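Reading through the structure tokens given below for one structure.
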Amino acid sequence: MRKVLTGNQAAAWAAALASVDVVAAYPITPATQVCETLAELQASGHYKGRYVKVESEHSAMSALLGAASAGARTFTATSSQGLAYMHEMLHWVSGARLPIVMVDVNRALAAPWNLWSDQSDSLSQRDTGWLQFYCASNQEVLDTTLMAFKISERLRLPSMVIMDGFTLSHTYEPVDVPGAEEVARFLPPWREPSALDPKRPAAYGALALPKEFTRLRRRLENDMQRALETILEISSEFEEAFGRSYGLIEPYRVGDAEALLFCAGAAASTMQEAVDALRARGKAAGGVRLRVARPFPTYSVRALSRPGVPWAVVDRAFSPGSGGVFRQELEAALYPLSRHPSVRGYIAGLGGADVTVELLSEIWEDAVLDRKDSTEAWMEDAR
Amino acid sequence: MLELRFHGRGGQGTVLAAKILADAVLRAGTGWCMAIPEFGVERRGAPVTAYARISDGPVRLRSRIYRPDAVVVLDPAAARGDAPLAGLKPGGALVVNSDLSPEAAAERWPGHRVVAIPGRSIALKHRLGPAATPLVNTAMAGAVCALFGLADEESIASAVREAVPVKPEANEAAAREAFAFALPFRLEEALHAAAR
């Protein structure tokens with residue numbers, strides 16, 4: 001059934017439909033509405049699991065760690081400073097191979113204080129061993145959250161489903177909300193054979209010596225790489241059940257493109273409009289949306305790469321001292337190609353700065369010149 | 001695609017008006033509507049902006065709206081400044097909560113297609129909010145649906161009923177009254193031509 005929902009409400013509906021056993025709730029703008037909606041869904045009988053109110057984000061993740069260790073399907077949502085506060089537990093959860101699903105609503109990190117969207121919160125957690133999905137519509141938030149449970153449980157790796165603060169989290173649009181029976185067929189209950197159980201006492205998280213530690217980390221990396229295939233498998237199961245299809249990346253009019261825009265999140269939805277606007281002016285523009293950032297879809301971007309066709313990466317986060325995060329990752333992915341194209345970075349949309357068709361068109365027009373100049377450009381909001 | 005910008009004040013339900021519009025369009029089955037709030041530091045009485053994009057199919061454009069086809073002004077005091085008219089397309093419409101006659105409204109805002117909707121009077125008649133801060137959002141949403149042919153009366157009435165936290169009947173009645181008031185001033189064709 002189609003409903004007009006915000007991205008936050010779509011995420012909450014997905015968690016309720018997934019029959020989550022435990023939600024840990026702690027508020028932070030702009031993610032608060034996710035847990036508020038889950039409380040409403042519990043009151044109306046749509047969400048039947050436990051709703052644990054905790055005293056911090058660190059506690060939220062710790063509570064889910066315990067619940068997931070006992071075999072519960074778990075969910076929470078956070079943003080910005082809250083995600084940063086969870087950092088320690090994020091490593092613990094992936095190391096313990098727990099399939100926790102969390103929504104992160106992108107918001108800039110302080111200081112200075114800022115409430116609006118950029119990707120510095122989620123990208124500062126890229127090395128924590130969580131899968132990362134960047135959504136571009138509210139429908140995709142709902143669909144990806146549903147898929148994330150299945151993907152995480154199959155791989156025993158946690159998932160972070162990411163949406164832009166306000167641009168998706170607070171924007172209303174029609175979302176197809178599937179029926180509970182349909183979802184139950186797609187996503188059966190999770191059964192963890194090695195779950196904590198008082199009837200079968202066992203110790204977890206014991207000291208691992210270097211050899212075991214390295215083997216476990218290597219296994220985690222192997223499973224991260226295997227995730228590329230698993231995500232596609234589960235996406236096709238999802239498409240079969242619900243008729244909507246999602247890939248690791250989403251190419252748009254790339255066939256004969258003379259330069260490619262590359263970005264993630266809601267800005268990548270606007271990017272398609274920018275590509276159309278450029279095409280209407282006779283420019284051979286194309287774009288690629290990065291949907292799955294962890295694991296990074298190296299082979300997918302290589303397959304789209306052509307010698308002499310530059311990439312223009314629009315980065316809404318940067319690593320001070322080394323520049324745009326996705327620009328660096330794309331460069332690393334394409335570098336082994338014998339004739340790798342140039343990759344030019346553009347820092348834009350920081351702290352809620354708007355990413356418009358005009359801005360993206362300006363970026364494409366600059367990139368198509370292929371000036372072999374590695375300087376990263378900083379783009380300010382036109383307002 | 002039709003692009004609207006709403007101007008109101010914190011506490012007036014400006015964002016809710018845009019959300020109701022999106023829901024009415026969905027219920028009417030006439031297209032797709034995205035309602036976008038502009039979030040600043042939220043406080044009662046501060047200027048609030050929201051946007052709506054209405055299209056035949058899914059909307060991919062997710063930036064703010066800088067050159068609206070029409071602006072909808074819930075707070076008449078806000079219409080005294082320049083902000084509501086900023087970027088309004090030539091030939092675009094100004095839909096304003098005002099008791100002025102069509103002639104007086106046209107004189108008051110020259111150079112624009114102006115429609116004055118007596119949102120305040122309608123809201124107070126249905127006992128929506130105190131006289132100092134009447135809740136005009138549902139009336140204005142009803143008027144916008146009629147003016148731009150976005151949704152039929154039953155669709156906006158049911159969208160209002162489900163969206164408001166209190167007084168569903170009074171809000172629905174206000175939306176219906178404003179819908180009927182606005183119908184003779186319908187702007188749909190002119191604006192669709194402008195949008196093309």
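For clarity, every value in this text was computed on a predicted model and none was experimentally measured. Here is the naming used below: chain letters follow the sequence lines, and residue numbers restart at 1 for every chain.
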What distance separates [X] [atom1] from [Y] [atom2], expressed to the nearest 0.5 Å?
X	Y	atom1	atom2	result
A:Asn138	B:Met34	CG	CE	8.0 Å
B:Tyr66	A:Asp354	OH	CG	3.0 Å
B:Ser63	A:Glu273	OG	CD	9.0 Å
A:Leu5	B:Lys19	CG	NZ	8.0 Å
A:Tyr172	B:Leu16	OH	CG	7.0 Å

Practice prompt. Please report the closest heavy-atom contact between B:Cys33 and A:Pro174, naming both atoms and the distance.
Written response: O-CD, 3.5 Å
Worksheet item: So do A:Glu173 and B:Val59 actually touch side chain to side chain, heavy atoms under 4.5 Å?
Response: no
Worksheet entry | chain A contact via B:Ile36 - which portion, at a heavy-atom distance below 4.5 Å | both
Discussion item. Taking every non-hydrogen pair under 4.5 Å, which of A:Ala267, A:Pro30, A:Ser137, A:Ala274 racks up the most with chain B?
Written reply: A:Ser137
Discussion item. Between A:Ala268 and chain B, with a heavy-atom cut-off of 4.5 Å, which part of the residue counts as in contact: side chain, backbone, both or neither?
Written reply: neither
Worksheet item: Between A:Asp276 and chain B, which part of the residue has a heavy atom less than 4.5 Å away: side chain, backbone, both or neither?
Response: side chain
Crowding at [atom1], [X] (>12 non-hydrogen neighbours, <6.0 Å):
X	atom1	answer
B:Arg127	CZ	no
A:Lys283	NZ	no
B:Glu107	CD	no

Discussion item. Could you check whether any side-chain N or O of B:Arg62 sits under 3.5 Å from a backbone N or O of A:Ala136, counting only pairs where one atom can act as donor and the other as acceptor?
Written reply: yes
